[in-house]
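Quick note on labels: first sequence line is chain A, next is B, and so on, each numbered from 1. These numbers come from a predicted model, not from an experiment.
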Amino acid sequence: MLFTPKGSFIFNRLTLSMDQERYNAREAEPKWQKIWEDAALFQTGNGDSRPKYYVLEMFPYPSGRIHMGHVRNYTMGDVIARYKRAKGFGVLHPMGWDAFGMPAENAAMQNKSHPAEWTYANIATMRAQLKSMGLSLDWSREIATCDVAYYRHEQRLFLDLLDHGFAYRKQSKVNWDPVDCTVLANEQVIDGRGWRSGALVEQRELTQWFLKIGAFADDLLSGLDTLTRWPEKVRLMQANWIGRSEGLLVRFALAPVQTSQESDSVSDAVSEVEVYTTRPDTLFGAKFIAIAADHPLAAACAENNPELADFIAECRRMGTSVAVLETAEKKGYDTGLRVHHPFDENWLLPVYVANFVLMDYGTGAIFGCPAHDQRDLDFANAYGLGNQPVVCPPDQDPATFVITDKAYDGDGTLIHSRFLDGMTIPAAKEAVAKRLEEQTLGNAPQAQRKINFRLRDWGISRQRYWGCPIPIIHCEDCGIVPVPRADLPVVLPKDVSFDEPGNPLDRHPTWKYVACPQCGKAARRETDTMDTFVDSSWYFTRFTDPWNAGDPTTPEAIAHWLPVDQYIGGIEHAILHLLYARFFTRAMQATGQMGEVREPFAGLFTQGMVVHETYRDKAGAWVNPGQLRFETQGNERRAFLLDSGEEVAIGPIEKMSKSKRNTVDPDEIISTYGADTARWFVLTGSPPERDVIWTEEGVQGASKFVQRLWRLVGELMQAAGSEEPAEPAVFGPAASAIRKASHGALIKVESDIERLHFNTAIATIHDLANKLSASIGAIESEEIGADVRFACREAASILIRLFAPMMPHLAEECWAAASFAGLAAQMPWPDADPSLVVEDEMTLPVQVNGRKRADLTIAREASEAEIQAAAAALEAVQKALEGKPVKKIIVVPRRIVNVVA
RNA sequence: GCGGGCGUGGCGGAACUGGUAGACGCGCCGGACUCAAAAUCCGGUUCUGGUGACAGAGUGUCGGUUCGAUUCCGACCGCCCGCACCA
């Protein structure tokens, strides 16, 4: 007898290594990793003729060690890569390092070493960690952005962008991070603080390099519609960030002023104020004009008005902190200037300098319509300017409709607006635009239609050492001179010091002094380096041909591999990285480096974080879970310190962070349980886009399941015998049940992985294991015929391949132990036979008035009438009807029967 | 304030276009094996009532559409995320 009645297995010592009762991950994992590597299994050449599939996970910053978030991110990518490979695709699955950035400089300051040393040491550590995870990566394509071999091409791309007018220099107000001593892009300022340092950002006036992302604002917006495999949320966030608005530029003529001599001199020099508005329909509700503190007109008025100058200075001070802006009151200062209403020469509007008007949006000037804009209303109420409703809501009487402290911005009909009265808002907008376009002020139309964007151009200058040098030379005679392409790369000097603040490149004794390439005179190099987001804006294209030494990209490789079919990363890059990469794709297309590719990432997936409970001792100090012992009583859990026995408080579940001491080290997990257990865990429990809670019980559960699969495959192969039988013509009930379970699970897992529902794919594999265990446990040895042997062998072969993308090492060990040919990693995805899942009879739930009362088992081919008759005849149905007559019986084929009384 | 998302057992979650709510896992309870423990295996586990077959309630709350609603619509409550003087 092969099986004991309870199904526990007696191992046959003759069957290969299956006599091991336990699967030893620590031995097996490095063994298979080496076999894969020696066979160069995951290297994909550019001449591959299979249909292509490009899987990419956001490459990591080499901060020191990988964390659980990396494990989750890269496991998901690896499941897809391995699955697609099994499905017959030529899979490109590369890895690299986002290796420039501030932390390396901070480390250099602390350790008195060089950023390169720290960075490359971290890369070596993290590469080894990633390799221990058993990822199917093509390491032959590895890149690090801090390698000259990479950033030389970035300098070339910069020069291409410069030639095409996509890079330019301008003086502007910038976000200055006083801790990192560098400039930040708007996207890098979060709640008024630097995204890395957390320092309150200040405004400074500096000359900076900009990339013209604004040139593609419209295209970046409309392109979002084509990204159907992106999360709706990310597309929406980008659309809001780009912030397109359609409006009108309207010029208001300045009226001569009698009251104030100072203002009078201004109105002599300047004749008009131009405003930008998206609500030209409310022009007859206008009560004032407001200009920004930085508006040239404000500066002109302030020249002879110290009080106004003070007010402007106050506005500027406030502008340095977003936190203050949020709570700031609407404040203004009357310049004394007046303008004529465009439709009525006798109607004068006061011109205020206002703290809520921004110079860098629109024209830095607005007209205020208090009745229909809350901000304008707050201002008007503060300065007693009154309001005039000009849009009447549908349910209000125009005669009595008034606004007091809540502006109305909804739909309605125009009132008190002369020639606009009775119009809808869109009609009124059109009418105003048309009339003002035809009307002239000076010698030009008084108004002009204008589409505006919130998106600002991307400032890329950083006053840091550890970044890609901007290949520019400043010559006193020739001005800005690009480094000739033949002289590239501009290499970072090695001999730099970090013992004082500021930019080491700037204070290097020799590096910046060069001869001007044009006139040969003494000149200086640009000492700013590029924002590290430039590095990550094109790395996905470099992966397609990282061996090309002469050019950043290779047209054939781009055409073959791009776009990335599935990109995986954190939601935190929804705007920053993902928008920049989309911009670079367009800009590089314009410079001829991107072929016909319009969007870099056809499919995007944003995975959730790995979170963990937090613990605090009596003193309130955070405690690491490794120091704790847990007790459970019923549904209550308590935690105690291992050494002292002191009880600690179990706190909320939060993102793993060193400061809260709730991190779990991947290395420890891998050395204790193996990579497969870690990989399995991060996919289980919650859907991939949601956070997953790390628990010790969960890891142990995953580890137990690894062992269970190992035993189950052994049992299946024991039943299957060592000889591979031909497929029998007839299968008995036991064999049929096994085949039905295997093929049913296969169909489900396949569709789950295709939809990236890894958690339900795993549930299905659990379910299959349960079913197979039950089947095998129920079979007596004398029943094992050719059909059962065939079904068990088939089940083992399917089962192993189903979990192979998630637990590749265990799959190889099982595959080999089962004496199947080749490597599991090379096996094609099994073909499902849907006919095996179909049953002759089906069981339909039967409802009475929408409530389930019975089950009806009936032939699959039964007609609707037969089903109706059989359902009505059921005892439970009759009972539930309580004698009431049946009105109708609804039959939804293969789904349900509902008897309506 | 604006925009978006989410509320399902003790817990994580499942339920594809409206069709058996609670798959699968964790935890818990009971049992087998064992001198004992671990490991493993078997059974139970939404709530209420009943020894029981069974009956009633049930997917944040209230209403609507439908033969039928976790799923669609409306209002409200709660939580999470993004943006925020953008004219």
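- Counting only distance, with no hydrogens or angles, the side chain of A/Gln878 and the backbone of A/Ala872 share a donor-acceptor pair below 3.5 Å.
- Distance from the side chain of A/Ser686 is smallest for B/G12 among the nucleotides B/G12, B/C86, B/U40.
- Counting non-hydrogen atoms under 4.0 angstrom, A/Val846 reaches nothing in the nucleic acid.
- Among the protein residues, A/Asp767 comes within range of the sugar-phosphate backbone only, with heavy atoms under 4.0 Å from sugar or phosphate atoms but none that close to a base.
- Here A/Glu246 pairs with A/Arg244 in a salt bridge; the nearest charged N to carboxylate O distance falls below 4.0 Å.
- Straight-line distance from the CG atom of A/Leu221 to the P atom of B/C86: 19 Å, rounded to whole Å.
- Of all nucleotides listed (B/C67, B/A14, B/A87), B/A87 comes nearest to the side chain of A/Ile366.
- Between A/Arg251 and A/Glu272 there is a salt bridge, since at least one side-chain N of the basic residue sits less than 4.0 Å from a carboxylate O of the acidic one.
- To the nearest 0.5 Å, the span separating CH2 on A/Trp241 from CZ on A/Arg456 amounts to 10.5 Å.
- Within 6.0 Å of the CZ atom in A/Arg449, the count of heavy atoms belonging to other residues, nucleotides or ligands exceeds 12.
- One cannot find a donor-acceptor pair under 3.5 Å joining the base of B/A87 and the side-chain atoms of A/Arg279.
- Comparing the P positions of B/A23 and B/U46 gives a spacing of 8 Å, expressed to the nearest Å.
- Annotation for A/Lys740: atom NZ does not count as buried by contact number, only 12 or fewer foreign heavy atoms lying within 6.0 Å.
- Each of A/Val892 and A/Val899 was matched to the nucleotide of RNA chain B holding its nearest heavy atom; the match closer to the 5' end belongs to A/Val892.
- Contacts of A/Asp373 with the nucleic acid, taken as non-hydrogen atoms under 4.0 Å apart, are absent.
- No engagement by A/Lys887 is indicated, since no non-hydrogen atom pair under 4.0 Å with the nucleic acid exists.
- Residue A/Arg454 places at least one side-chain N or O closer than 4.0 Å to OP1 or OP2 of B/A84.
- When Watson-Crick and G-U wobble pairs are counted only if both distances are under 3.5 Å, B/U45 pairs with B/G27.
- Atom P of B/C29 sits at a distance of 14 Å from the matching atom of B/A39, rounded to the whole Å.
- Distance CZ (A/Arg895) to C1' (B/U17): 9 Å, rounded to an integer number of Å.
- In the set B/A15, B/G68, B/C85, the nucleotide with an atom closest to the side chain of A/Lys330 is B/C85.
- RNA chain B is contacted by both A/Trp241 and A/Asp376; A/Trp241 maps to the nucleotide lying nearer its 5′ end (nearest heavy atom per residue).
- Side-chain atoms of A/Asn240 and A/Arg235 form no donor-acceptor pair, as typed in the model, at a separation below 3.5 Å.
- Taking atom CZ of residue A/Arg853 and atom P of nucleotide B/C67, one finds them 19 Å apart after rounding to whole Å.
- If you check B/C2 for Watson-Crick or wobble pairing at under 3.5 angstrom, you find it paired to B/G82.
- Under the 4.5 Å side-chain criterion, counting only non-hydrogen atoms from C-beta, A/Leu283 is not in contact with A/Val390.
- Here B/G25 is the nucleotide among B/A14, B/C67, B/G25 with the atom lying nearest to any side-chain atom of A/Asn770.
- Remark: B/G7 base-pairs with B/C77. Criterion, Watson-Crick or G-U wobble with two distances under 3.5 Å.
- The side chain of A/Glu697 sits closest to B/C26 out of B/A87, B/C26, B/C24.
- Here the P atom of nucleotide B/C85 and the CE atom of A/Met359 are 17 Å apart, to the nearest Å.
- The separation between A/Tyr361 atom OH and B/A84 atom C1' is 13 Å, rounded to whole Å.
- Within the nucleic acid shown, A/Thr684 has no heavy atom closer than 4.0 Å to any nucleic acid atom.
- What separates CG of A/Asn759 from C1' of B/A15 is a distance of 12 Å, to the nearest Å.
- For the residue pair A/Ser245/A/Asn452, the side-chain donor-acceptor check at 3.5 Å is not satisfied.
- Among the heavy atoms of the strands, none lies under 4.0 Å from A/Asp360.
- Taking atom CG of residue A/Leu579 and atom C1' of nucleotide B/G82, one finds them 15 Å apart after rounding to whole Å.
- Applying the Watson-Crick and G-U wobble criteria (two distances, each under 3.5 Å), B/U71 pairs with nothing in any strand.
- For the P atoms, the distance linking B/G78 with B/C28 amounts to 35 Å, nearest Å.
- One C1' atom belongs to B/U51, the other to B/A55, and the distance between them is 15 Å to the nearest Å.
- Spacing between B/U70 and B/A21 at atom C1', rounded to whole Å, works out to 7 Å.
- Closest to the side chain of A/Lys704, out of B/A87, B/C24, B/U40, is B/U40.
- Only the P atoms considered, B/G49 is 45 Å distant from B/G82, to the nearest whole Å.
- When distances run from any side-chain atom of A/Leu236 to the nucleotides B/G3, B/A14, B/C85, the shortest one goes to B/G3.
- Pair check for B/A21 finds none; no Watson-Crick or G-U wobble contact set falls under 3.5 Å.
- Phosphate contact (OP1/OP2 of B/C86, side-chain N/O of A/Arg375, threshold under 4.0 Å): present.
- B/C81 and B/A15 have their C1' atoms separated by 26 Å, given to the nearest Å.
- Among the nucleotides B/A21, B/C83, B/A87, the one closest to any side-chain atom of A/Gln847 is B/A21.
- Listed candidates were B/G4, B/C67, B/G13. Nearest to the side chain of A/Ile890 is B/C67.
- Across all strands, A/Arg456 comes closer than 4.0 Å to no nucleic acid atom at all (heavy-atom distances).
- Separating the C1' atom of B/G7 from that of B/U59 is a span of 9 Å, rounded to the nearest Å.
- In this structure, A/Ile451 places its CD1 atom 14 Å from P of B/A87, rounding to the nearest Å.
- Contact annotation: A/Arg711 side-chain N/O to B/C41 OP1/OP2 distance is under 4.0 Å.
- With a glycosidic angle no further than 90° from 0, B/G9 counts as syn.
- Candidate nucleotides B/A84, B/A14, B/U20 were compared by shortest atom distance to the side chain of A/Arg690, and B/A14 ranks first.
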